[in-house]
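Since the structure comes first, as structure tokens, the remarks are kept for the end.
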Amino acid sequence: MKNELSCAIVRDLLPLYVDELVSAETKNAVGEHLEECGACKSVLRDIMPEQQEKESNIKQVDYLKKVRTKSMKWTSIITIVGIILTLFGISMIYYTGSESQSSDIVYQTSVEGKTICIEMKAASDTQRISRVEFSSSNGMVNVDVYTTPKLFFENAEKDYSYTIDYDVTQVHMGNTVLWENGMDISEKASILYSSWNPFVGNMPSNMQIANALRVSEQFGNYTNELKTDSIPYGWTLKLEHTIPASKEALSMELMRADSCVFLALIDNLDYVVWEYPTENGVETFKYTREDATEFCGKDIKHYVGSVSDIQTLLNILGVNE
């Protein structure tokens with residue numbers, strides 16, 4: 001049958017023919033026309049590069065969509081993994097905790113032979129003890145305590161025990177000694193023991209001892225004067241606040257106790273003088289090495305051999321708190 005399609009109709013159909021959007025009958029008719037018509041076949045050749053470019057663009061768009069989909073997928077995976085790792089890190093920090101100082105812990109220590117028992121809880125109600133680690137060497141036991149925010153768990157007091165191969169001689173938490181030679185050691189005694197000063201002329205070390213004794217809290221502001229040009233060496237504390245008559249006796253007891261500690265811990269210190277205003281004028285209280293030795297029962301300089309010696313001195317003076 002003769003092909004009745006005109007060139008104009010075929011050229012209108014060519015874009016649809018190339019995209020294969022015509023029926024099978026139309027496709028056959030256009031194909032027959034192209035076999036007989038060189039002019040229309042030439043137009044077809046001109047259309048094909050445009051179609052190929054269009055198909056290439058479509059493929060490129062499809063590729064970019066796939067890349068974007070993959071990228072979004074990996075971004076989601078990385079985000080989820082990051083969240084999981086962050087939550088894991090937070091949980092590890094929470095359950096592992098951070099190392100605490102003895103001042104952060106309320107504790108009671110007891111030792112029987114080779115076994116140490118400690119009752120402990122966090123000093124702050126917002127914290128809790130997460131874990132406790134013990135280590136030992138030749139009878140000396142170290143306790144490392146870790147705390148975390150309380151959140152879901154109660155800040156309850158717990159008992160911890162540890163047994164070693166030797167009789168326990170000392171228990172310490174960081175730089176603070178908790179127990180030594182059968183005696184509970186206060187934090188103050190531990191701090192004072194580490195503050196021993198061989199020379200009264202070293203004023204920063206003197207003040208470290210005074211701060212541990214809370215002299216400023218006891219008496220208020222004061223100035224210092226040292227006598228170091230010749231023996232006997234002395235330290236004068238000049239108080240600024242007036243001491244009323246009703247508190248003078250108590251203040252002198254505090255001065256005596258602080259003087260004993262100064263004389264024990266400052267090796268070449270021979271006497272301590274307190275000058276203080278009263279309602280009747282300035283008074284002076286002087287305390288010597290001999291006075292301290294008589295009051296404490298042995299040479300005051302012999303109370304620094306160990307932290308338990310310092311604790312014994314504080315027990316005698318009644319200044320543990």
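Computed from heavy atoms alone, side chains included, the values below leave out hydrogens, waters and symmetry copies. The shown structure was predicted, so the numbers you read here are calculated from the model rather than taken from an experiment.
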Nearest atoms (heavy-atom pairs only) where Ala123 meets Val106: CA-CG2, 3.8 Å
Would you call His33 and Val10 a side-chain contact if the rule is heavy atoms closer than 4.5 Å? yes
side-chain contact (heavy atoms from CB on, under 4.5 Å) evaluation trace for His241 with Tyr276: CA-CA 7 Å; His241 294 178; Tyr276 58 97; over 6 Å; no
Quick one: do the Asn206 and Asn224 side chains pair a donor with an acceptor below 3.5 Å? no
List the atom of Ile300, the atom of Ala264, and the distance in Å for their closest heavy-atom pair. O-CB, 3.4 Å
Can you confirm whether Met120 sits close enough to Val132 that some side-chain heavy atom of one is under 4.5 Å from a side-chain heavy atom of the other? yes
Heavy atoms, side chains only, cut-off 4.5 Å: are Tyr166 and Met140 in contact? no
Does the Thr278 side chain pair with the main chain of Gly281, one donor and one acceptor, at a distance under 3.5 Å? yes
Measuring from atom OH of Tyr107 to atom CD of Glu187, what distance do you get when rounded to the nearest 0.5 angstrom? 6.0 Å
Could you give me the CA-CA distance, side-chain angles and deciding distance for Gln170 and Trp179, then say whether side-chain contact (heavy atoms from CB on, under 4.5 Å) is met? CA-CA 6 Å; Gln170 187 185 85; Trp179 184 94; 5.7 Å; no
Would you say the side-chain atoms of Asn28 and Glu32 include a donor-acceptor pair closer than 3.5 Å? no
CZ-CG distance between Phe285 and Leu237, expressed to the nearest 0.5 angstrom: 12.0 Å
Going through the distances and angles, do Glu279 and Thr242 end up as a side chain to side chain donor-acceptor pair (under 3.5 Å)? CA-CA 7 Å; Glu279 296 164 353; Thr242 299; over 6 Å; no
Keeping Asp309 on the side-chain end and Ser306 on the backbone end, is there a donor-acceptor pair under 3.5 Å? yes
Is Met173 reachable from Ile191 through a run of hydrophobic residues whose side-chain heavy atoms are each under 4.5 Å from the next? no
Criterion side-chain contact (heavy atoms from CB on, under 4.5 Å) on Thr293 and Lys298, from CA distance to verdict: CA-CA 5 Å; Thr293 295; Lys298 70 176 183 180; 5.8 Å; no
Tell me if a side-chain donor or acceptor on Thr79 pairs with a main-chain N or O of Thr75 at a distance below 3.5 Å. yes
If you measure only the distance, is there a donor-acceptor pair under 3.5 Å linking the side chains of Thr163 and Thr115? yes
Could you check if a side-chain atom of Ser195 sits within less than 4.5 angstrom of a side-chain atom of Ser205, using non-hydrogen atoms only? no
Between Ser216 (side chain only) and Asn221 (backbone N and O only), is there a donor and an acceptor less than 3.5 Å apart? no
Under 4.5 Å between any side-chain heavy atoms of Thr223 and Glu240, yes or no? yes
Quick one, His172 and Glu180 - any side-chain contact, counting heavy atoms below 4.5 Å? no
Among side-chain atoms of Trp274 and Ser251, is any donor-acceptor pair under 3.5 angstrom? no
Residues, nucleotides or ligands: over 12 heavy atoms within 6.0 Å of Glu133 CD: yes
Distance in Å, Leu213 CG paired with Gln208 CD, rounded so as to fall on 0.5 Å steps: 11.0 Å
Identify whether the distance between the nearest side-chain nitrogen and carboxylate oxygen of Lys158 and Glu119 falls below 4.0 Å. no
Give me the ring orientation class for Tyr162 and Phe134: parallel if the planes are under 30° apart, tilted from 30 to 60°, perpendicular past 60°. parallel
Can you tell me if Thr312 uses its side chain to pair, donor with acceptor, with the backbone of Ser308 under 3.5 Å? yes
Could you walk me through whether Asp184 and Leu178 pass side-chain contact (heavy atoms from CB on, under 4.5 Å), step by step? CA-CA 6 Å; Asp184 289 331; Leu178 309 183; over 6 Å; no
Under 3.5 Å: donor-acceptor pair, side chain of Ser190, backbone of Val177: yes
For a 4.5 angstrom cut-off between non-hydrogen side-chain atoms, does Asn315 reach Met183? yes
Is the shortest distance from a Lys or Arg side-chain nitrogen in Asp144 or Arg131 to a carboxylate oxygen in the other one below 4.0 Å? no
Strictly by modelled atom types, are Ser130 and Thr148 linked by a side-chain donor-acceptor pair under 3.5 Å? no
Out of curiosity, does Leu226 fall in the hydrophobic cluster containing Tyr271 (side-chain heavy atoms, cut-off under 4.5 Å, transitive links)? no
Please determine whether the number of non-hydrogen atoms from other residues, nucleotides or ligands lying under 6.0 Å from atom CD of Gln101 exceeds 12. no
If you take all heavy atoms of Ala257 and Val319, which pair is closest and at what distance? CB-CG1, 3.7 Å
Hey, is the main chain of Val145 close enough, under 3.5 Å, to the side chain of Glu99 for a donor-acceptor pair? no
Separation between CG of Asn268 and CG of Asn202, rounded to the nearest 0.5 Å: 10.5 Å
Heavy atoms only: give me the nearest Leu192-Ala212 pair and the separation to one decimal. CD2-CB, 3.6 Å
Single-linkage hydrophobic cluster Val143~Tyr146, side-chain heavy atoms < 4.5 angstrom: no
Mind listing the closest non-hydrogen atom pair of Pro277 and Leu239 along with its distance? CD-O, 3.3 Å
Quick one: do the Asp291 and Thr288 side chains pair a donor with an acceptor below 3.5 Å? yes
Does Ser136 reach the main-chain N or O of Gly139 with its side chain, forming a donor-acceptor pair under 3.5 Å? no
Say whether Tyr222 and Glu275, considering side chains only, have a donor N or O and an acceptor N or O under 3.5 Å apart. no
Let me confirm one number: the CG-CD1 distance from Asp159 to Ile118, rounded to the nearest 0.5 Å. 10.5 Å
Do Leu250 and Val261 land in one hydrophobic cluster if side-chain heavy atoms of ILVMFWY residues count as linked below 4.5 Å? no
Please check if Val200 and Ile231 belong to a single hydrophobic cluster, counting links between Ile, Leu, Val, Met, Phe, Trp and Tyr side chain heavy atoms closer than 4.5 Å. yes
Looking at side-chain heavy atoms only, is the closest gap between Arg256 and Tyr287 below 4.5 Å? yes
Spacing of OG belonging to Ser124 relative to CD1 belonging to Ile105, to within rounding of 0.5 Å: 10.0 Å
Taking all atoms of both residues into account, what is the closest heavy-atom pair of Thr147 and Gln127, and its distance? OG1-OE1, 3.6 Å
Counting N and O atoms only, with roles assigned by atom type, does the side chain of Tyr303 sit under 3.5 Å from a partner on the main chain of Cys296, one being a donor and the other an acceptor? yes
Main-chain N/O of Asp267 paired to Lys301 side chain as donor or acceptor, under 3.5 Å: yes
Could you go through Arg289 and Asp299, starting from their C-alpha distance and side-chain angles, then the distance that decides it, and tell me whether this counts as salt bridge (charged side-chain N to carboxylate O under 4.0 Å, His left out)? CA-CA 8 Å; Arg289 173 177 178 175; Asp299 189 341; 3.0 Å; yes
Phe199 meets the ring-ring contact (aromatic ring centres under 6.0 Å, His included) criterion, sequence neighbours left out, with none
So if I apply the side-chain contact (heavy atoms from CB on, under 4.5 Å) rule between Trp235 and each of Glu225, Lys227, Met203, which one comes out positive? Met203
